[in-house]
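Heads up, the thing below is written out as structure tokens.
The structure displayed is predicted, hence computed values, not measured ones.
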Amino acid sequence: MTVRVGIASNHLIHPTDRFGTNFIDYIQRDYVTGLRQAGTLPVVLPLGDPKDAEDYISGVDGLLLSGGQGVSPILYGEEPLAEVAETDIYRDEFEISLIRAAQDAGKPVIGICRGMQIINVALGGTLYQDVYKQAGATEKHNQYPTSWEIPTHHITTAEDSWLNRILGERFAVNSFHHQGLHEPGENLKVIARSDDKVAEAVESDDGKIIGVEFHPEMMRVAHPEFQKIFDYFVNLVQNNTHN
């Protein structure tokens with residue numbers, strides 16, 4: 001049986017030249033392609049009411065949270081600093097509900113970039129609103145306009161962590177963020193960091209929730225080893241479904 005992985009959508013909330021106020025829900029194709037290559041059926045979950053999260057999760061076997069806007073600091077008890085860029089409380093609240101519904105149902109979850117951050121907040125953790133101002137980061141964590149697929153800084157993984165097992169102890173990744181994990185959420189541990197100590201990957205105590213701060217979906221064509229992250233997650237979903 002082919003397992004289904006739900007991908008929480010992003011959405012346009014500002015008028016554009018192309019769409020005007022005909023707003024759309026969307027997801028970047030690279031996430032879909034990475035999951036398809038791993039042998040699953042991706043299902044895009046349009047942004048909706050948090051009360052519908054349980055019904056959405058009932059129709060999938062796992063959940064992927066993608067990148068995008070910053071997470072609203074008020075959700076972890078802080079007022080926003082001047083450095084905070086665009087946030088989207090509607091998306092935040094919906095995705096938090098999806099994560100909690102998936103956790104209650106015992107279904108695996110993966111977060112990528114913002115996705116890892118919203119997982120942490122959903123589990124009661126906090127974020128650095130700006131890793132340079134609050135965490136003393138010294139490396140370039142937003143490489144734009146350098147091309148998406150190019151790795152620009154190194155990370156080191158914890159021994160015997162899921163990421164260490166599939167990609168090794170040390171490797172280079174791309175980077176497009178300025179927020180980052182501060183206090184880990186309940187039963188969540190940091191299993192990789194950059195050389196300036198910014199959290200780069202996480203894993204829950206039961207192994208069903210994982211996340212990375214970088215973007216493997218953007219690197220997987222030029223650097224095929226990063227497809228292993230999607231393969232690992234889909235295998236996790238398959239094994240969980242069969243148990």
Side-chain angles (χ1 to χ4, degrees), residues 4-32 35 42-60 62-105 107-131 142 144 176-183 185-186 188 202 209-213 215 217-218:
R4 297 171 179 244
V5 171
I7 310 175
S9 75
N10 199 346
H11 67 158
L12 290 182
I13 57 175
H14 305 296
T16 64
D17 291 340
R18 179 176 178 82
F19 295 106
T21 57
N22 185 24
F23 298 126
I24 62 170
D25 285 10
Y26 69 95
I27 192 68
Q28 289 91 341
R29 184 173 59 182
D30 288 342
Y31 296 107
V32 174
L35 288 174
V43 180
V44 179
L45 308 179
L47 194 148
D49 194 307
K51 67 179 177 58
D52 296 330
E54 187 175 338
D55 290 335
Y56 275 117
I57 293 300
S58 69
V60 297
L63 175 66
L64 183 149
L65 289 310
S66 71
Q69 306 89 340
V71 177
S72 305
I74 61 173
L75 292 174
Y76 47 94
E78 296 183 10
E79 294 300 309
L81 301 177
E83 287 78 7
V84 172
E86 182 181 29
T87 60
D88 183 352
I89 193 73
Y90 307 112
R91 185 182 181 192
D92 295 341
E93 291 175 340
F94 181 60
E95 290 188 347
I96 286 171
S97 294
L98 288 175
I99 294 162
R100 291 174 178 169
Q103 188 179 37
D104 289 345
K107 296 181 178 181
V109 179
I110 183 172
I112 293 175
C113 196
R114 168 203 153 85
M116 185 177 90
Q117 297 169 13
I118 197 69
I119 286 172
N120 194 53
V121 173
L123 299 183
T126 63
L127 303 178
Y128 290 115
Q129 297 183 41
D130 185 87
V131 294
N142 187 349
Y144 182 82
F176 297 93
H177 70 102
H178 77 99
Q179 292 186 325
L181 264 65
H182 184 192
E183 298 167 320
E186 184 176 3
L188 200 65
V202 296
I209 299 177
I210 60 175
V212 294
E213 189 62 71
H215 283 269
E217 81 285 359
M218 296 175 177

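Using a 4.5 Å heavy-atom cutoff, the side chains of Met116 and Val202 are in contact. At least one side-chain heavy atom of Ile96 sits under 4.5 Å from a side-chain heavy atom of Ile118. Leu123 is listed as a side-chain neighbour of Ile209, based on a closest heavy-atom distance under 4.5 Å. Under the 4.5 Å side-chain criterion, counting only non-hydrogen atoms from C-beta, Arg114 is not in contact with Leu65.
For the pair Asn142 (side chain) and His178 (backbone), a donor-acceptor distance under 3.5 Å is absent. Within the 3.5 Å criterion, the main-chain N or O of Gly67 finds a donor-acceptor partner in the side chain of Tyr31. Between the side chain of Asn120 and the backbone N or O of Gly185 there is at least one donor-acceptor pair closer than 3.5 Å.
Judged by distance alone, the side chains of His177 and Gln179 never bring a donor and an acceptor atom under 3.5 Å apart.
Under the side chain to side chain donor-acceptor pair (under 3.5 Å) criterion, Asp88 pairs with His11, sequence neighbours left out. In terms of the side chain to side chain donor-acceptor pair (under 3.5 Å) criterion, Gln28 has no residue partners (sequence neighbours excluded).
Applying the side-chain hydrogen bond (donor to acceptor under 3.5 Å, both in side chains) test to residues at least two apart or on different chains, the pairs with a partner in residues 72-86 are His14-Glu86, Ser72-Asp92, Glu78-Gln129.
Enclosure of atom CZ in Phe176 by more than 12 non-hydrogen atoms of other residues, nucleotides or ligands within 6.0 angstrom is indicated. The local environment of CD in Gln69 is crowded, with over 12 non-hydrogen atoms from other residues, nucleotides or ligands closer than 6.0 Å.
Each of Ile7, Val43, Val109, Ile119 was evaluated against Leu63; a single residue qualifies, Val109, per the side-chain contact (heavy atoms from CB on, under 4.5 Å) test.
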